[in-house]
Amino acid sequence: MATVRAAYDTLVAAGELRPDAAQAAVADRLQALAETLEAPVERPGLFARLRGAASPEPPRGLYIWGGVGRGKSMIMDLFFGHVEVNPKRRVHFNEFMLEIHAAIHAAREASGEDPIPRVAAWVAGRARLLAFDEMQVKDIADAAILSRLFASLFEHGVTVVSTSNRAPVDLYKDGLNRQLFTPFIALIEQKCDVVTLDGPTDYRLERLGGAATWHVPNGPAATAAMSETFFRMTDYPVEDRARVPTETLAVPSGRTLHVPKSLKGVAVFSFARLCRQPLGSADYLAIARHFHTVFLVGIPVMGPENRNEAARFVALIDALYEHKVKLIAAADAAPQGLYPAGDGVFEFERTVSRLMEMQSADYMALGHGESGA
Ligand SMILES: Nc1ncnc2c1ncn2[C@@H]1O[C@H](COP(=O)(O)OP(=O)(O)OP(=O)(O)O)[C@@H](O)[C@H]1O
Ligand SMILES: [Mg+2]
């Protein structure tokens with residue numbers, strides 16, 4: 001039996017979380033959902049199904065939305081970790097959609113039939129519960145298929161839980177051909193309870209505690225300060241600090257990127273790994289979609305002979321900025337001093353300006369992938 005609310009209360013009692021009534025209320029909702037999901041399902045027998053009896057309605061899911069750092073992902077992960085339902089899957093929404101497009105492509109190659117029902121059946125076969133982090137829709141390709149895809153997932157009895165920075169009605173706001181998308185909004189509202197988690201505290205910002213985001217120079221002091229910030233942001237237990245998970249991220253150039261530390265959407269990279277290898281914008285965008293916060297260490301002062309590194313650094317910062325990824329960096333100079341001369345110094349000025357903005361409280365308070373408007 002799941003104990004979502006009890007797990008939440010334990011963390012509060014242990015001082016790991018501050019008591020928050022809005023979070024406790026969402027924990028109660030998730031607790032109720034967990035109990036429904038764990039109850040035995042009365043599936044129609046084979047004969048009933050042959051007569052056309054529909055699968056039972058899946059339990060209504062939950063769509064949790066609100067401002068950044070309110071604890072949406074934290075509470076969803078607590079639920080996901082405790083709910084005893086099989087199979088279950090938790091995935092970042094952007095990653096999921098990339099996978100869906102690849103599957104649709106493969107299904108089209110394999111047969112001329114409508115690929116969406118087949119893809120939905122495949123997804124539903126692997127998850128009775130789908131938990132999406134950071135649902136957001138920016139892309140016409142996603143917007144155009146979501147309502148059919150999800151209608152089919154719900155027919156297969158999948159329950160959806162999701163976090164988002166936006167209410168369902170504001171998803172894909174002002175997007176191209178939005179009328180293709182609007183049935184998805186109605187569907188989500190029909191199949192999920194929509195709740196807000198939008199208390200006054202941005203806990204992520206609070207955890208950052210005014211910590212510096214740009215450390216100069218590279219060296220042991222910067223490493224120690226960044227390590228402290230990393231662990232504060234990811235709530236990692238002190239006794240496990242020697243073994244933080246690594247990750248291997250496949251990027252569009254066909255390379256794989258080793259992420260030396262990867263935890264809860266926060267990654268640590270070195271400048272050498274990201275800007276000394278032949279990576280490009282598509283690779284940087286993949287990183288920017290995958291992580292909400294990037295720690296970048298070892299940024300050097302570059303000269304004319306480093307024009308390739310400087311150009312890649314520009315592309316990297318553009319991608320991070322575009323997706324409102326938070327950057328914590330260690331460098332040998334302030335942004336203005338990083339690339340004083342060489343090809344592309346003019347373009348580099350925009351990067352300097354972005355790096356300054358990325359250190360501001362306003363930027364730090366933006367949601368991952370959200371526009372500031
Ligand atoms: N009640 C709390 N007390 C202390 N820290 C908290 C509390 N709730 C959440 N946090 C911490 O605040 C940070 C941000 O929480 P979380 O990532 O869940 O926010 P979010 O609502 O998902 O934000 P975003 O919209 O940017 O994804 C995490 O490190 C989380 O553990
Ligand atoms: Mg989140």
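Order of appearance sets the numbers: ligands from 1, and atoms from 1 within every ligand.
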Self-check item: Lys264 with Asp77: basic N within carboxylate O range, under 4.0 Å
Solution: no
Practice problem: Identify, for atom 10 (N) of ligand 1, the protein heavy atom at the shortest distance, and state residue, atom and that distance. | Solution: Tyr203 CB, 3.4 Å
Quiz item: Judging by distance only, is a nitrogen or oxygen of Gly66 under 3.5 angstrom from one on ligand 1?
Solution: no
Self-check item: Closest approach of any protein heavy atom to atom 11 (C) of ligand 1, naming residue and atom
Solution: Arg207 NE, 3.2 Å
Quiz item: Is Leu17 in polar range of ligand 1, meaning some N or O pair under 3.5 Å apart?
Solution: no
Quiz item: Taking atom CZ of Arg312 and atom CZ of Arg307, what is their separation to the nearest 0.5 Å?
Solution: 10.5 Å
Practice problem: Kindly indicate whether a cation-pi arrangement holds for Arg126 with Trp122, taking the cut-offs as under 6.0 Å to the six-membered ring centre and within 45° of the axis. | Solution: yes
Practice problem: Please determine if Lys72 has a nitrogen or oxygen closer than 3.5 Å to a nitrogen or oxygen of ligand 1. | Solution: yes
Quiz item: Would Phe295 and Phe230 satisfy ring-ring contact (aromatic ring centres under 6.0 Å, His included), going step by step from the backbone distance to the final call?
Solution: CA-CA 8 Å; Phe295 283 61; Phe230 178 84; 5.6 Å; yes
Quiz item: Among side-chain atoms of Arg166 and Gln136, is any donor-acceptor pair under 3.5 angstrom?
Solution: no
Exercise. Would you mind checking which non-hydrogen protein atom is closest to atom 17 (O) of ligand 1, with the distance to 0.1 Å?
Key: Arg204 NH2, 3.0 Å
Quiz item: Nearest heavy atom to atom 3 (N) of ligand 1: which of Arg18, Met74, Glu16 does it belong to?
Solution: Arg18
Quiz item: Does Gly69 have a non-hydrogen atom less than 4.0 Å from ligand 1?
Solution: yes
Quiz item: What atoms of ligand 1 come within less than 4.0 Å of a heavy atom belonging to Asn165?
Solution: 25 (O)
Quiz item: Relative to ligand 1, is Gln23 under 4.0 angstrom through side chain, backbone, both or neither, heavy atoms considered?
Solution: side chain
Exercise. Please identify which atoms of ligand 1 are closer than 4.0 Å to at least one heavy atom of Met233.
Key: 29 (O)
Quiz item: Which atoms of ligand 1 have any heavy atom of Ser73 under 4.0 Å away?
Solution: 18 (O), 20 (P), 22 (O), 27 (O)
Quiz item: Going by heavy atoms, is Asp235 under 4.0 Å from ligand 1?
Solution: yes
Practice problem: Starting from the Mg ion (ligand 2), count all protein N, O or S atoms within a radius below 2.8 Å. | Solution: 1
Quiz item: Do Asp142 and His101 have side-chain atoms, one donor and one acceptor, less than 3.5 Å apart?
Solution: yes
Per-pair distances, 0.1 Å, donor-acceptor, side chain in residues 11-24, under 3.5 Å, sequence neighbours excluded:
unit_1, atom_1, unit_2, atom_2, d
Arg18, NH1, Glu206, OE1, 2.6
Arg18, NH1, Glu206, OE2, 2.6
Asp20, OD1, Ala22, N, 3.0
Asp20, OD1, Gln23, N, 3.0
Asp20, OD2, Tyr203, OH, 2.7
Gln23, OE1, Tyr8, OH, 2.8
Gln23, NE2, Arg70, O, 2.8

Quiz item: Should you measure from each heavy atom of Gly71, which atoms of ligand 1 turn up under 4.0 Å away?
Solution: 9 (C), 15 (O), 16 (P), 18 (O), 19 (O), 20 (P), 21 (O)
Quiz prompt | Element-labelled atoms of ligand 1 that are located less than 4.0 Å from some non-hydrogen atom of Glu134 | solution = 27 (O)
Quiz item: Between Asp9 and Arg5, is there a side-chain N and carboxylate O pair less than 4.0 Å apart?
Solution: yes
Practice problem: Answer yes if the side chains of Arg241 and Ser227 hold a donor-acceptor pair under 3.5 Å, and no otherwise. | Solution: no
Quiz prompt | Sole residue of His290, His258, Lys261 in side-chain hydrogen bond (donor to acceptor under 3.5 Å, both in side chains) with Glu247 | solution = His290
Self-check item: Electrostatic pair Asp133-Lys72, nearest N-O below 4.0 angstrom
Solution: no
Quiz prompt | ligand 1 contact on His368 by region, counting heavy-atom pairs under 4.0 Å | solution = neither
Self-check item: Mutual orientation of the aromatic rings belonging to His368 and His292 [parallel < 30°, tilted 30-60°, perpendicular > 60°]
Solution: perpendicular
Exercise. Look at the rings of Phe184 and Phe150 and say which category their plane angle falls in: under 30° parallel, 30 to 60° tilted, over 60° perpendicular.
Key: perpendicular
Quiz prompt | Ion pair Glu357/Lys324, N-O distance below 4.0 Å | solution = no
Quiz item: Purely on distance, is any nitrogen or oxygen of Arg232 under 3.5 Å from one on ligand 1?
Solution: no
